[in-house]
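This report refers to the structure that appears directly beneath it.
Residues: numbered from 1 along the sequence shown. Values in this document were obtained by computation on a predicted structure and should not be read as measured data.
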Amino acid sequence: MRLTRRLALAPRPREVMPPARWKLAVLLVLAGCATMRPLSEDTARARGVHRFEAGSDEAFDAVWLTLAAQGYAVTESARSSGTLTAARPDGHGYDVTVSAEDAWAVVSALPRTLWLGGPDDEDAKWQALWKGAAHLLDAWREPPEWRYLTRTNTLALEGFSFQPPQAWAYLDYDIHRRRARVLRRRGAPAGTLNPALLAVVQRRRPESSLPALVREAAGLALTARSRLTLPDELEARREGEGTVGGVARVLDGAVVRPLAWHAHRHRTAEWEVWVVAVCGAGAEACDAEWSALLASVKRGGGR
């Protein structure tokens, strides 16, 4: 009896968690605390600010493009006030303001969620945003220049080249060699249609430059850079990968002129190249020359 009683009264041994499971539990608790550390709005406004040695317009584009590359969609934007709103499918988003301060652009990116901690917390997101924008701004300080290779009749940049129509008579550049202009005839009378080609390399932009470039090329073709009016929106048809075209009714002073246009775009992460042709109909058409130009395009490193 005594033996039985002693066994009944003996304390039950405690269940001890294995060391490995104990360590895992501690890590999970610590990780939970780290990911649930709140960030006040005042702190976010103070920490979510970065200064770039750049113009505010360039900084606005750099932030927009960086957010787009990181999976955000810009839902609202106002370049005149330097504001944009961006959101990601997982619900994270920013309200961004870009302002000028002397030679600096001041960027404020206020997040929609205010939490710190973990491998993808607000600090990590801010650092990725600042790093991506800084990369673009640094690259844009050294823009490429067009080179004309006489032996092969080629206009070339690093990673992109094409052959303008060989029979066209006139080629020149702007002072920075970022714009090349090719005209079918040299010295055509003002107001007559002279088929024109415009090749532009510029920093990549989040908004399309096509309407302004078609207007510029039409001004070359009609020698009417100041009095030319194009529709606010171009009706474009897809002609191939990276290539569109259409017909625009242009107001040349008080005269309405229908013009045919074609445009080809090549992009890298930092730059975009546009080649735009403006022609007429009949003898002033340039469909054959445009097809030959597209066939001559060589590219590398774009996307």
Greater than 12 external heavy atoms within 6.0 Å of Gln70's CD = yes

ask   = Do Arg267 and Arg265 have side chains that get closer than 4.5 Å, going by heavy atoms?
value = yes

query = Hey, are Arg79 and Asp61 close enough for a salt bridge, meaning a charged N less than 4.0 Å from a carboxylate O?
reply = yes

ask   = Which atom names give the shortest non-hydrogen contact between Leu183 and Leu220, and what distance separates them?
value = CD2-O, 4.1 Å

ask   = When you measure from the side chain of Ser56 to the backbone N and O of Ala100, does any donor-acceptor pair fall under 3.5 Å?
value = no

query = When you check the gap from the basic side-chain N to the acidic O, do Arg184 and Glu289 get nearer than 4.0 Å?
reply = yes

query = Hey, is Arg112 close enough to Glu122 for a salt bridge, meaning N to O under 4.0 Å?
reply = no

Flag, side chain of Arg181 to backbone of Tyr173, donor-acceptor distance under 3.5 Å = yes

ask   = Between Arg237 and Glu239, is the closest basic N to carboxylate O distance under 4.0 Å?
value = yes

message = If we count only N and O atoms by modelled type, under 3.5 Å, do the side chains of Gln202 and Ser209 hold a donor and an acceptor together?
response = yes

key: Any donor-acceptor N/O pair, Trp126 side chain to Ala109 backbone, under 3.5 Å   = yes

inquiry  = Quick check against the 3.5 Å criterion: does Thr154 have a side-chain atom that pairs as donor or acceptor with the backbone of Ala156?
reply    = no

key: Greater than 12 external heavy atoms within 6.0 Å of Glu207's CD   = yes

query = Ion pair present between Asp138 and Arg141, side-chain N to carboxylate O less than 4.0 angstrom?
reply = yes

message = Between Arg203 and Glu272, does any side-chain N to carboxylate O distance fall below 4.0 Å?
response = no

note = For Ala180 and Trp146 the tightest heavy-atom approach is N-CD1, 4.0 Å

ask   = Between His92 and Tyr94, how do the two ring planes meet: parallel, tilted or perpendicular, split at 30° and 60°?
value = perpendicular

query = Pro143 and Trp140: which non-hydrogen atoms are nearest, and at how many Å?
reply = CD-O, 3.7 Å

task = Could you pull out the closest heavy-atom pair between Asp174 and Arg177, with the gap in Å?
result = OD1-N, 2.8 Å

ask   = Is Phe160 linked to Leu171 within one hydrophobic cluster, defined over Ile, Leu, Val, Met, Phe, Trp and Tyr using a side-chain heavy-atom separation of less than 4.5 Å?
value = yes

request  = Examine Arg204 relative to Trp271 and say whether NZ or CZ is less than 6.0 Å from the centre of the six-membered ring and inside a 45° cone about the ring axis.
outcome  = no

ask   = Parallel, tilted or perpendicular: which describes the rings of Trp64 and Phe60, with under 30° parallel and over 60° perpendicular?
value = perpendicular

ask   = Thr66 and Ala133: which non-hydrogen atoms are nearest, and at how many Å?
value = OG1-N, 3.2 Å

task = Answer yes or no: is there a side-chain heavy-atom contact under 4.5 Å between Val247 and Leu259?
result = no

